[in-house]
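Below is one structure, written out as structure tokens; the observations come after it.
Order of listing sets the numbers, starting from 1, for every ligand and every atom in it. Sequential numbering from 1 along the given sequence is applied to the chain's residues.
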Amino acid sequence: MLWDRFKDYLCQNLKNTMGHDLLKGKKGIIFGALDEKSIAWKVALKAHEEGAQFVLTNTALALRMGTINQLAEACKATVIPSDVTIVEELETLFTESTKALGGKLDFVLHSVGMSPNLRKKRPYNDLNYDFFLKTLDISGISLHKVLQTALKQDAINEWGSVVALTYIASQRVFPDYGDMAQAKAVLESIVKSFGYQYGIAKKVRVNSVSQSPTYTTAGSGVGGFDAFYDYAEKMSPLGNATAEECANYCISLFSDYTRKVTMQNLFHDGGFSFTGISSAVMDSFKG
Ligand code: NAI
């Protein structure tokens with residue numbers, strides 16, 4: 001009797017640390033897990049905890065350089081390489097994923113960004129235009145390629161959810177964000193336009209999450225990131241949102257609790273986006 005109660009207690013505790021089955025039975029594709037700092041990495045761990053099955057994808061180079069196999073093992077996920085700018089590779093990815101998962105998808109995470117101009121430290125008024133096109137393709141237009149491929153293959157179930165990550169520099173000037181600002185503006189616009197099309201055609205929702213500065217490979221590639229991070233922390237009433245918190249938010253958007261949310265750019269930034277000035281920042285100017 002006592003043993004049974006102890007077992008119940010253990011099971012309950014285990015369940016609490018293991019999630020709430022929010023994505024039980026759901027299948028998905030997660031783009032962009034490079035290493036354990038990646039936002040996509042945290043989303044994958046959470047999605048697994050919440051009962052989802054999914055495919056992890058990244059470029060062949062990133063798969064060689066990163067540690068994605070460890071993540072795949074922890075999440076019992078299949079890894080399929082694809083470059084998000086190459087439609088043929090996306091077509092193979094979606095076909096292979098639905099095969100590997102044994103059915104259509106319920107969620108897709110687009111957590112991809114890269115600017116060769118930022119990498120090469122080109123100032124905004126001295127951009128290389130081949131690089132600029134690459135930035136737009138990888139970080140913005142690729143969302144259209146993902147959505148168009150999925151729709152053509154009818155790869156996502158009704159009420160499925162696509163989430164892309166973005167940053168507020170799409171709307172307000174953050175000088176060190178360079179040409180990524182334009183890429184994110186393109187991305188957010190695709191969220192609206194394709195969100196409409198996908199909603200009408202298949203009842204699939206499309207949203208972007210505008211996340212606080214976060215210490216990751218892509219994040220730290222932005223010039224002066226430390227100062228940027230500290231400033232945002234001081235300007236946000238709730239403080240910067242962490243990658244884990246971002247993952248939780250993405251899970252809620254993949255779940256059935258947000259079925260009528262679509263075409264939105266959703267700020268996940270501790271209140272930064274609507275703060276004109278905070279007392280903490282004011283104080284730093286007082287003599
Ligand atoms: P990360 O560097 O871990 O992830 C970026 C991913 O994009 C990497 O896995 C990389 O391999 C992948 N990628 C680059 N080119 C690709 C291509 N051609 N095809 C497929 N994948 C490609 O960094 P993080 O921060 O996790 O970035 C994820 C998303 O979050 C990005 O969209 C980023 O702009 C966004 N974001 C990041 C913030 C931050 O401060 N870290 C703040 C707001 C948004």
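Put simply, the side chain of Ser161 gets close to the backbone of Leu253: a donor and an acceptor are under 3.5 Å apart. Side chain of Glu50 to main chain of His20: a donor-acceptor pair is present (N/O by atom type, distance under 3.5 Å, no hydrogens or angles). Put simply, the side chain of Arg205 gets close to the backbone of Trp159: a donor and an acceptor are under 3.5 Å apart.
For the atom pair NZ (Lys121) and CG (Asp176), the distance works out to 10.5 Å, reported to the nearest 0.5 Å. Here CD1 of Ile39 is found 5.0 Å from CG of Leu165. Values are rounded to the nearest 0.5 Å. Annotation: the span from Lys46 atom NZ to Cys250 atom SG amounts to 12.0 Å, rounded to 0.5 Å. Atom NZ of residue Lys202 and atom CG of residue Asn157 lie 10.5 Å apart, to the nearest 0.5 angstrom. Of the inter-residue distances, the one linking Asn240 atom CG with Tyr229 atom OH reads 5.0 Å to the nearest 0.5 angstrom. To the nearest 0.5 Å, atom OG of residue Ser82 and atom CZ of residue Phe94 are 8.5 Å apart.
Every atom of ligand 1 with a heavy atom of Leu34 under 4.0 Å away is listed here by number and element: 8 (C), 9 (O). Atom numbering of ligand 1 starts at 1 in the shown order; those under 4.0 Å from a heavy atom of Gln211 are 42 (C), 43 (C). Ligand 1 places these atoms under 4.0 Å from at least one heavy atom of Pro213: 40 (O). Proximity to Leu165 (heavy-atom distance under 4.0 Å) selects the following atoms of ligand 1: 29 (C), 30 (O), 32 (O), 35 (C). Less than 4.0 angstrom separates some heavy atom of Ala62 from each of these atoms of ligand 1: 11 (O). Applying the 4.0 Å criterion to heavy atoms of Gly219 picks out, from ligand 1, the atoms 39 (C), 40 (O), 41 (N). Under a 4.0 Å criterion applied to the non-hydrogen atoms of Asp83, ligand 1 contributes the atoms 17 (C), 18 (N), 19 (N).
Residue-to-ligand polar distances keep Ala40 apart from ligand 1: every N/O pair is separated by 3.5 Å or more. Residue contacts with ligand 1: Phe225 is placed with no nitrogen or oxygen under 3.5 Å of a nitrogen or oxygen of the ligand (distance criterion only). Of the N or O atoms in Thr59, none lie within a sub-3.5 Å distance of an N or O in ligand 1. By the 3.5 Å distance cut-off applied to N or O atoms, Tyr167 is not counted among the residues near ligand 1. By the 3.5 Å distance cut-off applied to N or O atoms, Asp35 is not counted among the residues near ligand 1. Residue Thr216 has at least one nitrogen or oxygen atom sitting less than 3.5 Å from a nitrogen or oxygen atom of ligand 1, judged on distance alone.
Put simply, no part of Lys37 is less than 4.0 Å from ligand 1, judged by heavy atoms. Heavy atoms of Ser212 come nearer than 4.0 angstrom to ligand 1 in at least one pair.
Nearest to atom 39 (C) of ligand 1 by heavy-atom distance, out of Leu109, Thr214, Ile68, is Thr214. In this comparison of Ser111, Ser142, Gly32, Ser208, the heavy atom closest to atom 29 (C) of ligand 1 sits on Ser111. Counting heavy atoms only, Met114 comes closest to atom 14 (C) of ligand 1 of the residues Lys134, Lys42, Met114. The residue from Val43, Val84, Thr57 that puts a heavy atom closest to atom 19 (N) of ligand 1 is Val84.
For atom 22 (C) of ligand 1, the closest heavy atom belonging to the protein is Val112 CG1, 3.6 Å. Among all protein heavy atoms, the one lying closest to atom 3 (O) of ligand 1 is Ser38 OG, 2.6 Å. The protein non-hydrogen atom at the shortest distance from atom 12 (C) of ligand 1 is Asn58 OD1, 3.7 Å. For atom 34 (O) of ligand 1, the closest non-hydrogen atom of the protein is Lys184 NZ, 2.9 Å. If you check which protein heavy atom lies closest to atom 37 (C) of ligand 1, you get Ile39 CD1, 4.1 Å. For atom 2 (O) of ligand 1, the nearest non-hydrogen atom of the protein is Ala218 N, 3.0 Å. What sits closest to atom 44 (C) of ligand 1 on the protein, heavy atoms only, is Thr166 O, 3.1 Å. In terms of protein heavy atoms, atom 15 (N) of ligand 1 is closest to Ile138 CG2, 3.5 Å.
Between Tyr124 and Tyr177, the distance separating the two ring centers is not shorter than 6.0 angstrom.
Partner of Thr166 under the side-chain hydrogen bond (donor to acceptor under 3.5 Å, both in side chains) criterion, chosen from Glu188, Lys184, Gln211: Glu188.
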Next on the checklist: Test side-chain hydrogen bond (donor to acceptor under 3.5 Å, both in side chains) on Thr85 and Asp83; report intermediate values, then the result.
Outcome noted: CA-CA 5 Å; Thr85 63; Asp83 185 316; 2.7 Å; yes

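More than 12 heavy atoms of other shown residues, nucleotides or ligands fall within 6.0 angstrom of atom CD in Glu244. Atom OH of Tyr215 sits in a crowded spot, with more than 12 heavy atoms from other residues, nucleotides or ligands closer than 6.0 Å.
Salt bridge annotation for Lys234-Asp283: absent, with no cationic side-chain nitrogen under 4.0 angstrom from a carboxylate oxygen. Salt-bridge check for Lys145 with Asp137: passed, with a basic side-chain N closer than 4.0 Å to an acidic carboxylate O.
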